[in-house]
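Everything below concerns the one structure shown next.
Residue numbering restarts at 1 for every chain, and letters A, B, ... go by the order of the sequence lines.
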Amino acid sequence: MLKFLLRRILIMIPQLFILSVLIFTLAKAMPGDALSGQLENAHADPKVIAEQRQKLGLDDPIQVQYIRWINHAIHGDLGMSYTHKIPVTDLIGERLWNTLLLAAATLIVSYAIAIPFGVASGRWTNSWLDKWVTCYTYFTYATPLFIFAILMMFLFSFELNLFPSGGSVDPQAVPGTLNYFISKFTHLVLPTLSGALLATSTTIQFLRNEVIDTKIQDFVATARSKGVPESKVYSRHILRNSFLPIAAFLGYDITGLIGGSVFVESIYSYPGLGQLFLDSIQQRDFTVVSALVMISGFAALLGTLLSDIILSAVDPRIRID
Amino acid sequence: MDRFQLLKLENLNTSFKIMNSYYPAVDNITMDVFPNEVLAIVGESGCGKSALALSIMGLHNKERSLIKGHIYFQGTDLLSLSVSQLNKIRGKDIGMIFQDPLTALNPLMRVGQQIEESMNYHTSFSKKEKREKTLHLLEQVGIPDPRLTYNQFPHELSGGMRQRVVIAIAIACEPALVIADEPTTALDVTIQAQIMELLKTLQKKSNTGIILITHDLGVVSEMADRVAVMYAGQIVELSAVEQLFNNPLHPYTRSLLNSIPSSSSDDDRLHVIQGIVPSLQNIPRSGCRFSPRIPWIDASHHEDHPVMHEVESNHWVRCSCYKHFYFPNEKVGEK
Amino acid sequence: MAFLEVKDLKVYYPIRGGFFKRVIDYVKAVDGINIRLEQGETYGLVGESGCGKSTTGRALLKLTKTTSGQVLFNGTDLTSVSAHKMHELRKDIQMIFQDPYSSLNPKKRIVDIIAEPLRNYEHLSRKEENKVAREYMERVGLSSDSIYKYPHEFSGGQRQRIGIARALTLNPKLIVADEPVSALDVSVQAQVLNFMQDIQKEFNLTYLFISHDLGVIRHMCDRIGIMYQGRLVEEGLSRDIYENPQHIYTKRLISAIPNIDPAHREKQSAIRHQINDEYNKSYKNYFDNDGKAYQLKAISPTHFVALP
């Protein structure tokens with residue numbers, strides 16, 4: 001196991017290197033640079049601009065710029081945000097927790113809905129429940145997230161006034177108090193539900209098919225021939241086997257959510273990485289964009305590793321060494 | 001019948017739903033199984049032998065199948081029981097051995113747990129007792145290192161070892177009846193010989209009745225006490241094993257025996273049964289079902305409603321066409 | 001010059017391990033096989049699962065990579081021949097597969113399945129293709145009108161005959177049949193085996209017949225090789241192997257065949273026990289320290305046994 005982890009982490013080094021080169025070149029290839037985003041006034045003195053460029057090292061050969069950037073990045077310095085005038089690490093750190101919170105909530109809620117519905121739908125195929133669940137999955141599959149999120153906001157925030165429409169916490173709440181937690185929670189409800197309700201459709205369908213495939217396996221007949229009660233046939237034999245592919249995807253799911261949901265976060269102006277990403281692109285804050293892409297790339301690599309580890313933990317046939 | 005039947009099938013009829021109609025795969029089967037005997041049910045794919053086995057175990061999908069008739073097991077009609085009542089019998093009094101040991105075991109559960117599972121529901125053994133009993137079972141079925149295998153997963157065992165585990169599961173609660181559905185088909189010939197030997201040894205020790213479902217007449221000849229030959233959902237011949245091999249009567253049985261490559265027919269051509277096994281929807285539901293496969297036999301020799309005839313003591317044959325049957329390359333009346 | 005000569009054929013698959021996934025060992029699927037086939041004969045390759053018999057068959061057709069050794073077909077070494085030349089030679093060597101359900105593409109019509117090998121070699125018009133397909137359907141005893149049907153409309157035995165028809169269109173000289181009847185019921189098996197014998201006479205075919213079924217092998221083959229862990233342990237005429245087996249592994253295999261006469265039950269069981277005891281006692285006399293068979297030694301002009 002340790003050997004496996006070490007090898008995988010070693011392989012990640014060249015992967016991350018290629019990713020960083022790619023991100024850097026793409027960022028450089030984009031029109032405009034840090035400076036043009038910073039200068040509000042298009043008529044600024046060309047001499048000042050040149051001076052500034054010199055100072056920021058924007059005139060150096062591209063490989064020099066890359067080495068400087070990567071060298072700083074390795075030392076934990078992702079540069080300064082041009083728009084916010086604070087280190088990128090501080091900027092991201094603040095929002096990372098919000099995104100993680102939203103991600104975890106979305107994941108938990110979506111699995112809490114998908115697992116019972118998927119299993120029931122696969123167990124009682126062609127029942128009324130199954131038909132309704134299938135109907136639900138088609139509906140949510142076809143609904144675009146941004147429309148659904150806006151609809152949710154309109155209904156539950158503006159019309160019913162049940163939950164706040166934006167932000168991650170009431171600015172007046174004092175950290176550490178009960179009010180603060182309640183406020184965090186109420187701000188989380190709509191973004192979470194918007195993301196989770198739509199995310200369930202694939203998991204439900206996937207799980208339904210897995211259950212249908214597993215329940216006709218020979219070992220299930222073996223279990224029944226042992227006199228195992230039907231509920232135990234499901235809980236001990238069918239479900240564990242049906243969850244295997246889901247478990248394999250869990251790693252990807254977790255990291256996919258770390259990148260932040262651009263739509264949900266922007267619509268609810270939820271201060272997370274997704275929203276930051278969108279804002280930074282608009283403001284051409286490339287140090288932030290590069291850092292974010294790098295983080296989500298790293299997260300994706302970690303996700304595959306995590307998936308392999310989870311799978312090897314739940315399936316004895318898969319051994320990693 | 002002077003002996004007490006272990007299992008008594010009465011007009012058992014198992015139909016499957018295809019496009020909203022039901023077609024009987026097991027068609028009015030009446031048959032007994034006695035304690036301490038091996039009754040082989042032999043036939044080719046699609047003859048209904050596996051459907052019969054699964055009907056006894058109540059393992060058919062209820063939405064897609066319809067079972068009629070009676071299955072009396074030690075006097076109780078299994079078809080009249082609810083699933084939870086049936087679960088008190090399955091695994092305890094009736095054990096089942098499946099064909100493919102690769103798929104018959106749960107890949108995620110340790111071997112020990114899978115064997116102990118039936119004891120969880122049928123005995124009041126303590127954890128320690130269950131473990132001891134399981135180790136004993138593993139030893140009984142010829143696993144070389146029971147303590148090691150107890151904690152192994154199925155994929156860590158060879159095919160032969162897995163089938164021994166499947167057998168251990170079936171006999172865990174010392175059932176009175178074991179249904180073995182093609183127990184050696186997926187195995188190599190040397191392993192097959194070992195498994196057949198094991199089944200016989202276990203049976204002798206505990207007076208178990210065994211229903212052996214197979215397509216392999218070699219296995220029948222080595223294992224069975226009595227044989228039922230099935231064709232298109234019906235039993236066409238039922239007799240003691242010696243009678244069946246020494247004096248096969250039904251045209252289907254004779255054709256089947258003649259199509260096996262064997263030492264006695266080294267240079268001969270094998271017998272080929274004309275036509276194909278009818279699919280479930282195409283089984284002729286009236287007259288002699290085998291008649292389309294032996295068109296050279298005059299139609300008048302078949303019965304309109306073929307019944308079983310007791311030709312000699314305990315040797316039953318369906319339809320009277322057997323009296324007139326000959327192979328196309330034989331002279332008429334040679335038999 | 002032999003029709004087909006396999007010389008010291010080896011097929012090894014690497015096992016990787018360690019930190020850098022270097023090759024640490026090999027699975028020796030085929031480990032030094034020598035076979036000679038004369039034209040028109042049927043050679044049976046028998047063994048239990050994992051003995052390397054199928055790998056041997058696939059290696060002959062270059063469907064798997066050979067590690068070393070030669071496969072001389074009419075004097076040409078197939079293992080070193082150019083791709084262009086191999087393309088030509090493939091016409092002469094065809095394969096019949098085990099599973100008649102998965103070896104025919106379900107989305108293709110029979111005419112396309114049968115004509116497919118031809119399309120790789122000749123440019124025939126639709127009309128000519130249809131003519132060939134009809135001709136071969138009739139030769140394998142199926143209605144020539146059914147060439148527009150799809151595989152699922154045929155039974156297992158019929159499908160296997162379609163598979164054979166496909167193999168025959170290029171007029172091959174050698175057919176490698178890998179478990180051709182293992183997936184079939186006895187009565188259908190009989191039909192396919194008879195048919196294979198008929199076409200052998202008609203086209204002067206040579207068969208390499210691979211099977212685990214000792215009854216089928218005995219019925220079909222002139223000469224037989226028994227394989228165990230990548231090597232031949234015994235080779236000889238059918239009667240050498242079945243009536244006078246010399247290697248302990250062969251004896252064990254032969255004794256395990258179910259006896260079709262229930263009266264011989266006790267006797268058969270006793271023989272099995274005796275041979276199993278002998279197997280356990282004398283294992284070391286028949287296999288080297290790695291558990292591998294020795295080289296074959298002639299004990300009669302036709303009978304070869306792997307002895308030290």
Go through the atoms of [X] and report whether side chain, backbone, both or neither lie under 4.5 Å from a heavy atom of chain A.
X	result
B/T103	both
B/I169	side chain
B/L86	neither

Over 12 non-hydrogen atoms of neighbours within 6.0 angstrom of OH in B/Y23:
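Atom OH in B/Y23 is crowded, with more than 12 foreign heavy atoms closer than 6.0 Å.
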Does B/F73 have more than 12 heavy atoms from other residues, nucleotides or ligands lying within 6.0 Å of its CZ?
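Yes.
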Is A/R224 reaching over with its side chain to a backbone N or O of B/L59, donor-acceptor style, under 3.5 angstrom?
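Flag not set: sc A/R224 to bb B/L59 has no pair under 3.5 Å.
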NZ/A/K226 to SG/B/C173 distance, rounded to the nearest 0.5 angstrom?
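Atom-to-atom, A/K226:NZ and B/C173:SG are 10.0 Å apart.
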Roughly how far, to the nearest 0.5 Å, is CG of A/D218 from CG of B/D181?
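It is 9.5 Å, given to the nearest 0.5 Å.
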[X] to [Y] - nearest heavy-atom pair and separation:
X	Y	result
A/F219	B/N106	CB-N, 3.5 Å
A/V314	B/L108	O-CD2, 3.8 Å
B/P107	A/P316	O-CG, 3.5 Å

Any idea which of B/M109, B/M96, B/K92, B/K88 has the most non-hydrogen atom pairs under 4.5 angstrom with chain A?
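Heavy-atom pair counts peak at B/M109.
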Chain B heavy atoms under 4.5 Å from A/I216: which part of the residue, side chain, backbone, both or neither?
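No part of A/I216 comes within 4.5 Å of chain B.
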Going by residue number, which parts of residues 112-143 of chain B are within reach of chain A, meaning a heavy-atom gap below 4.5 Å?
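From residues 112-143 of chain B, the residues near chain A are B/Q113, B/Q114, B/E117, B/S118, B/N120, B/Y121, B/H122.
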